[in-house]
Amino acid sequence: MNRFWSRLVRELHPYVPGEQPRISNLVKLNTNENPFGPSPRVWAAIRAEAAETLRLYPDPEATALRQALAKYHGVRPEQVFVGNGSDEILAHAFVALLKQDAPLLLPDITYSFYLTWCQLFGIVAEMVPLDSALRIRVADYARPAGAIVVANPNAPTGIALGRAEIAALLELHPEQPVVVDEAYVDFGAETAIPLIASHPNLLVVQTMSKSRALAGLRVGYAIGDAGLIEALVRVKDSFNSYPLGRLAQAGAVAALEDETHFRQTLRKVIAERDRMTRGLAGLGFDVLPSAANFVFARHPARDGLGLAADLRAEAVLVRHFAKARISDYLRITVGTNAQTDVLLAALARCLDKGTPA
Ligand code: PMP
């Protein structure tokens with residue numbers, strides 16, 4: 001706290017990202033990074049772009065990248081918006097679309113950044129509880145709303161809704177903007193992008209951070225009706241006209257060109273997620289069905305906070321949320337085969353020595 005802070009900043013509850021420690025030999029399964037790395041074509045494209053031309057501003061409209069994304073997803077370039085990570089796009093969407101007179105509906109357990117943006121931008125949020133199995137129930141959204149945001153798959157549960165359920169949500173609210181955050185969709189859920197053609201109120205947000213292993217490049221994108229994209233552009237051009245640098249634009253285009261690497265990486269993550277799920281179940285964990293690159297699991301004999309601390313002492317980092325309904329759970333990112341082995345062995349030791357909750 002400092003006397004020069006505005007009231008808004010004094011009262012903010014910023015989002016707390018998972019820690020990025022500089023300790024070596026750590027098994028880092030706390031921020032849903034992809035352990036298998038980006039396509040080598042991305043490094044090559046970035047190297048080629050790292051030239052004297054860096055003195056020039058990048059294309060403010062990221063035309064080549066938006067064209068590549070439009071082609072990849074079967075839409076027109078005017079239906080594509082790109083940003084500095086999907087966090088930036090979501091932030092713009094909160095101002096541009098989700099701030100309405102009536103409350104914004106969102107699940108009570110979801111990506112916690114949504115509530116931070118509500119606070120930052122003065123948006124009234126109305127939380128809709130997940131059901132007892134920690135699932136989003138679309139029928140529960142049949143209530144007055146100014147707008148809706150859901151993550152699909154949801155975070156941190158990893159549970160996905162099918163496209164038909166997203167369509168049902170859109171049918172409930174044809175006159176309200178609906179944002180579907182698909183940060184993890186490639187790992188096993190159905191994208192809502194095909195619904196855009198018939199739903200001018202749907203904005204789908206995706207990222208290259210997870211399935212394309214480019215969290216460090218900061219590239220996210222949104223796809224929707226050109227009218228919604230125009231709203232995002234208006235906010236972007238009132239905030240930062242050049243959100244993506246030359247290296248990010250070049251790297252992201254190259255990532256889209258390597259479908260083989262993309263598919264291979266997804267297969268590896270999914271296979272490793274299945275193995276991790278079986279291993280955790282073998283140790284007595286309840287594991288929620290995940291369509292993401294992480295699992296959400298709890299052990300009947302241990303509280304989440306204590307178990308996360310014990311794992312940290314074993315140099316394994318996972319994420320714990322001190323929040324009602326989910327404080328017994330750990331969110332564990334899918335790692336490499338070797339990392340899963342280390343995790344499972346460390347957990348077995350922690351459970352052995354742990355005192356029952
Ligand atoms: N949405 C969800 C649900 C996430 O978990 C994350 C990652 N923290 C993001 C969006 C943002 O990811 P990025 O800014 O790296 O695209």
Side-chain angles (χ1 to χ4, degrees), residues 14-20 28-35 38 42 62 65 69 80-94 98 104 106-118 120 130 134 136 148-161 166 178-189 191-192 203-223 232 236 239-240 243-245 248-249 251-252 255-256 269 273 288 290-296 317-321 323 326 329-334:
Y15 174 72
V16 183
E19 56 176 322
Q20 297 288 0
K28 192 176 172 305
L29 303 177
N30 67 330
T31 51
N32 299 342
E33 285 143 335
N34 188 325
V42 174
L65 175 55
L69 282 163
V80 181
F81 180 86
V82 298
N84 190 257
S86 59
D87 276 343
E88 184 184 74
I89 297 172
L90 288 162
H92 289 350
F94 271 66
L98 301 182
L104 168 67
L106 72 169
D108 64 337
I109 293 161
T110 190
Y111 188 30
S112 60
F113 221 143
Y114 302 156
L115 284 184
T116 300
W117 288 314
C118 285
L120 181 62
L130 299 183
L134 298 183
I136 292 173
I148 297 175
V149 59
V150 291
N152 192 40
N154 197 14
T157 63
I159 299 175
L161 292 174
I166 297 291
V178 176
V179 171
V180 180
D181 174 357
E182 295 189 347
Y184 301 101
V185 74
D186 295 325
F187 299 108
T191 178
L203 187 80
V204 174
V205 181
Q206 296 196 352
T207 179
M208 295 208 170
S209 297
K210 316 292 179 181
S211 53
R212 296 186 189 270
L214 289 171
L217 202 61
R218 311 304 300 130
V219 180
Y221 56 94
I223 298 187
L232 296 175
K236 164 197 166 262
F239 182 76
N240 176 7
L244 286 194
Q249 293 186 30
L256 287 172
V269 170
R273 179 180 70 207
L288 298 188
S290 173
N293 69 337
F294 56 84
V295 299
F296 207 47
L317 272 195
V318 300
R319 192 94 201 253
H320 172 259
F321 299 92
K323 186 173 159 57
I326 57 168
Y329 284 84
L330 300 179
R331 191 198 68 189
I332 311 173
T333 304
V334 175

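This one's a predicted model, so the numbers in the text were calculated from it and none came from an experiment. Order of listing sets the numbers, starting from 1, for every ligand and every atom in it.
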* Asked: Hey, what's the ring geometry for Tyr111 with Trp117, parallel, tilted or perpendicular (30° and 60° as the breaks)?
  -> perpendicular

* **Full working for side chain to side chain contact (heavy atoms under 4.5 Å, CB included) between His320 and Arg331** => CA-CA 6 Å; His320 172 259; Arg331 191 198 68 189; over 6 Å; no

* **Pairing residues for Ala213 by the side-chain contact (heavy atoms from CB on, under 4.5 Å) criterion, not counting sequence neighbours** => Asn34, Pro38

* Structure fact -> So CD of Glu33 and OG of Ser209: to nearest 0.5 Å the spacing works out to 9.0 Å

* Take the angle between the ring planes of Phe113 and Tyr15 and call it parallel below 30°, perpendicular above 60°, tilted in between. => parallel

* Asked: Do Asp181 and Tyr114 have side-chain atoms, one donor and one acceptor, less than 3.5 Å apart?
  -> yes

* Residue shell around ligand 1, heavy atom under 4.0 angstrom -> Gly85, Ser86, Asp87, Leu90, Tyr111, Ala155, Asp181, Ala183, Tyr184, Thr207, Ser209, Lys210, Arg218

